[in-house]
> 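Quick one: the structure is below, and I'll ask about it shortly.
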2 protein chains.
Amino acid sequence: MPEKPAGGVRARVRAELTAEIKAAARRQLATEGASSLSLRAIARELGMASSAIYRYFASRDELLTALIIDAYEDVASHIEAAESQCERADHRGRFVAIATTLRSWAVANPNEYALIYGTPVPGYAAPTDTIDPATRVPITLLTVLVESHVSETSEPDESDLGQALADVLVFTNHSVPADAMALAIEAWAEIFGLINLEMFGHFKNAVTNPSVMFNHAANSMAERILP
Amino acid sequence: MPEKPAGGVRARVRAELTAEIKAAARRQLATEGASSLSLRAIARELGMASSAIYRYFASRDELLTALIIDAYEDVASHIEAAESQCERADHRGRFVAIATTLRSWAVANPNEYALIYGTPVPGYAAPTDTIDPATRVPITLLTVLVESHVSETSEPDESDLGQALADVLVFTNHSVPADAMALAIEAWAEIFGLINLEMFGHFKNAVTNPSVMFNHAANSMAERILP
DNA sequence: GCAGAAACGAGAGCGGTGCTCTCGAAACGG
DNA sequence: CCGTTTCGAGAGCACCGCTCTCGTTTCTGC
């Protein structure tokens, strides 16, 4: 998909139409859900032949991929913006900001949330284009964790736990002990667990106010994992 | 769907065929995923006309519902069996048994797990038939929690947290304090978060051995929430 | 400035889906 | 035994993703 920055007329209308298709897809996503996203319906809405869509996206999966990347970028931008407004030394505040912003974004964009953090579409294998934007959010969390452990430096951990978390421990240059990293991953999982349970309807007859529950949990987690 | 217990020939072959359809559906579910489950493919596999399926299930959604109920019952049976083999007083052991059995079941039956704990099918609203079997698993966990707080009895909690958790606190007759209940819900969310992250591919380049990580977390949670 | 190349939109068509309707055969029950 | 109900099969409808062709429009190199 070569897009010249300000090339001829053709390149411009191509960029515009690509954006219009994505916009229509997002609109349809919001009302129908990901798995029933229909290229033909998008084409109908845009007043063009269904086959014309294929000039812009080679397949339905490629459109989905584009939407997934956009969603990752969008949530990452929100979270980074919220986190950057906290006092640098206030690690717990930064963690809570990350967690609560993630939930707010999920509540505001349930279908995009489901798209990136829900059940993967069956035959769909995430292309490599998606892994980069997907890492932005966890990296902001890891940064807070590393900065709160700034004075420590440890050797590679040879324990079972240390080996199980080898990849992420290497990623942080072993500046975070394995058990502290495990606590952080637990918190990370808890955040998604709470959001998933709320969004996918498993809090019925149990938690009446998910927002209060989530804020309580976020503060509880911050105390638990950050010194 | 009236099914006479041992009625005429017709009732028996109807029950058998219903089971065969579900079996074929489950087989297809394991290889294709829920959203691409095809009634026509099932009919083909069973050597019957696609329209004949509708004598047994009024729609694709109804078949899905039947599979969902079966999955809930199956996971609940596994968890109850594992939990019942623990010493009654060993609350932490019972909790760990519940958690690890849930994960084992999810790893062994990824598509049924996704069916009941993943993103809901877009237009699909869980019929009332599913809520009953869905509660069996959380109830086993709540039972452990309540039994570990057996000596305490408290009044309705009027705090924000107490009100946010009102439904489940009432369900347990206020025998568990609100903050302890919140910790338990946090653990509950963490369990699903860990399983989701693992199953849906978000542990790539981070956690190399999800099993070790999960067992570590399960024990950590047990210490955290149970006295 | 113009001819060849590339990009584009529309339309027809293929095989697939869920679902409905009709029709003849089979099993049931009085 | 005969009327009623249940069942399987087939045709058909509207939709889907996707491919191919064909005439038109835009770009590009000479």
Side-chain angles (χ1 to χ4, degrees), chain A residues 1-22 24-25 28-29 31-68 121-125 127, chain B residues 1-22 24-25 28-29 31-68 121-125 127:
Chain A
M1 267 188 302
E3 283 183 20
K4 291 189 180 174
V9 178
R10 195 159 228 163
R12 259 243 303 277
V13 342
R14 180 178 181 86
E16 280 172 15
L17 243 180
T18 305
E20 267 188 65
I21 292 173
K22 285 208 283 185
Q28 192 177 321
L29 189 69
T31 65
E32 301 294 333
S35 70
S36 56
L37 195 156
S38 156
L39 289 189
R40 290 181 116 109
I42 295 172
R44 238 174 343 228
E45 184 177 330
L46 266 51
M48 63 200 301
S50 66
S51 58
I53 302 278
Y54 289 84
R55 301 283 181 192
Y56 300 87
F57 295 94
S59 69
R60 184 177 173 276
D61 272 10
E62 195 172 299
L63 213 195
L64 240 355
T65 301
L67 295 180
I68 288 174
V121 187
Y124 180 84
Chain B
M1 263 188 305
E3 281 184 19
K4 292 189 180 174
V9 178
R10 197 159 229 166
R12 259 241 303 280
V13 343
R14 179 178 183 86
E16 282 173 13
L17 244 180
T18 305
E20 267 187 67
I21 292 173
K22 285 208 285 185
Q28 192 178 321
L29 189 70
T31 64
E32 302 294 332
S35 71
S36 57
L37 196 158
S38 156
L39 289 188
R40 291 181 114 110
I42 294 172
R44 255 189 316 259
E45 183 177 330
L46 266 53
M48 63 201 301
S50 66
S51 58
I53 302 279
Y54 289 84
R55 300 284 180 192
Y56 300 87
F57 295 94
S59 69
R60 185 176 173 277
D61 272 10
E62 195 172 298
L63 213 196
L64 242 352
T65 300
L67 295 181
I68 288 174
V121 187
Y124 180 83

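The sequence lines fix the lettering, A, B, ..., with proteins before strands; numbering per chain opens at 1. Heavy atoms only: backbone and side chains are in, while hydrogens, waters and symmetry mates are out. No experiment lies behind these values; they were computed from the predicted model shown.
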> I need the A:Lys22 NZ to A:Leu29 CG distance, nearest 0.5 Å.
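Reported to 0.5 Å precision, the distance equals 13.0 Å.
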
> In whole angstrom, what separates B:Leu63's CG from C:dT17's C1'?
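In whole Å, C:dT17 C1' lies 15 Å from B:Leu63 CG.
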
> Within less than 4.0 Å of OP1 or OP2 of C:dA7, is there a side-chain N or O belonging to A:Tyr56?
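False: A:Tyr56 side-chain N/O out of range (4.0 Å or more) of C:dA7 OP1/OP2.
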
> Which part of the nucleic acid does B:Ile42 contact within heavy-atom distance under 4.0 Å: base, sugar-phosphate only, or nothing?
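Touches nothing.
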
> Counting any heavy atom closer than 4.0 Å, what does A:Leu17 reach on the DNA or RNA strands: base, sugar-phosphate only, or nothing?
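Sugar-phosphate contact only.
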
> Could you work out which one of C:dT17, C:dA10, D:dT19 sits closest to the side chain of A:Met48?
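For the A:Met48 side chain, the nearest candidate turns out to be C:dA10.
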
> Between atom CD1 in B:Ile21 and atom C1' in D:dC7, what is the gap in whole Å?
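So the two atoms are 12 Å apart, to the nearest Å.
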
> Give a yes/no on whether any side-chain N or O of A:Ser51 is located under 4.0 angstrom from OP1 or OP2 of D:dT19.
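Checking D:dT19 against A:Ser51, no side-chain N or O comes under 4.0 Å of OP1 or OP2.
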
> In this structure, how many angstroms lie between the P atom of C:dC8 and the CZ atom of A:Arg12, rounded?
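For the pair A:Arg12 CZ and C:dC8 P, the rounded distance is 15 Å.
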
> Over all strands shown, is A:Leu37 touching base, sugar-phosphate only, or nothing at heavy-atom distances under 4.0 angstrom?
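Here A:Leu37 touches the backbone only, sparing every base.
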
> Any chance you could measure A:Phe57, atom CZ, to A:Ile42, atom CD1, to the nearest 0.5 Å?
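It is 8.5 Å, given to the nearest 0.5 Å.
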
> Please report the distance, rounded to the nearest Å, between CD in A:Glu16 and C1' in C:dC8.
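Whole-Å distance recorded here is 16 Å.
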
> Given atom OH of A:Tyr54 and atom P of C:dG13, what is their separation to the nearest angstrom?
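Roughly 18 Å, once rounded to whole Å.
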
> On the side chain of B:Arg40, is there an atom forming a donor-acceptor pair with the base of C:dG16 - under 3.5 Å, no angle test?
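Answer is no: no donor-acceptor pair is held.
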
> Which listed nucleotide (D:dC16, C:dA10, C:dG18) is nearest to the side chain of B:Leu39?
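Taking heavy atoms from C-beta onward, the closest nucleotide is C:dG18.
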
> Find the distance A:Asp61:CG to D:dG17:P and express it as a whole number of Å.
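To the nearest whole Å, that distance equals 11 Å.
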
> Counting only side-chain nitrogens and oxygens, does A:Arg55 get under 4.0 Å of the OP1 or OP2 atom of C:dA6?
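The answer is no; no side-chain N or O of A:Arg55 sits under 4.0 Å from OP1 or OP2.
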
> Please determine if a side-chain N or O atom of A:Ser50 lies less than 4.0 Å away from the OP1 or OP2 oxygen of D:dG17.
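No, because none of the side-chain N or O atoms of A:Ser50 sits under 4.0 Å from OP1 or OP2 of D:dG17.
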
> Separation of A:Ile53 atom CD1 from C:dG11 atom P, in whole Å?
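Answer to the nearest Å: 14 Å.
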
> With respect to A:Leu63, which candidate in A:Asp61, A:Leu67, A:Thr65 satisfies the side-chain contact (heavy atoms from CB on, under 4.5 Å) definition?
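Among A:Asp61, A:Leu67, A:Thr65, the one meeting side-chain contact (heavy atoms from CB on, under 4.5 Å) with A:Leu63 is A:Leu67.
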
> If I take atom CD1 from residue A:Ile53 and atom CZ from residue A:Arg44, how far apart are they, to the nearest 0.5 angstrom?
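Reported to 0.5 Å precision, the distance equals 11.0 Å.
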
> Roughly how far, to the nearest 0.5 Å, is the CZ atom of B:Arg55 from the CG atom of B:Leu17?
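The CZ atom of B:Arg55 is 13.0 Å from CG of B:Leu17, to the nearest 0.5 Å.
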
> B:Leu39 versus B:Tyr54: any side-chain heavy-atom pair under 4.5 Å?
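The answer is yes; the side chains approach within 4.5 Å.
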
> Is A:Arg14 near enough to C:dC8 that one of its side-chain N or O atoms lies under 4.0 angstrom from OP1 or OP2?
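True: A:Arg14 side-chain N/O within range (under 4.0 Å) of C:dC8 OP1/OP2.
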
> Which listed nucleotide (C:dG9, C:dT17, C:dC19) is nearest to the side chain of B:Arg44?
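Nearest listed nucleotide: C:dT17.
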
> To the nearest Å, give me how far apart CZ (B:Phe57) and P (D:dT6) are.
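Checked: the CZ to P distance equals 17 Å.
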
> Compare the minimum distances between each of C:dC19, D:dC16, D:dA9 and the side chain of B:Ala49, then state the nucleotide with the smallest one.
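Looking only at side-chain atoms, B:Ala49 lies closest to D:dA9.
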
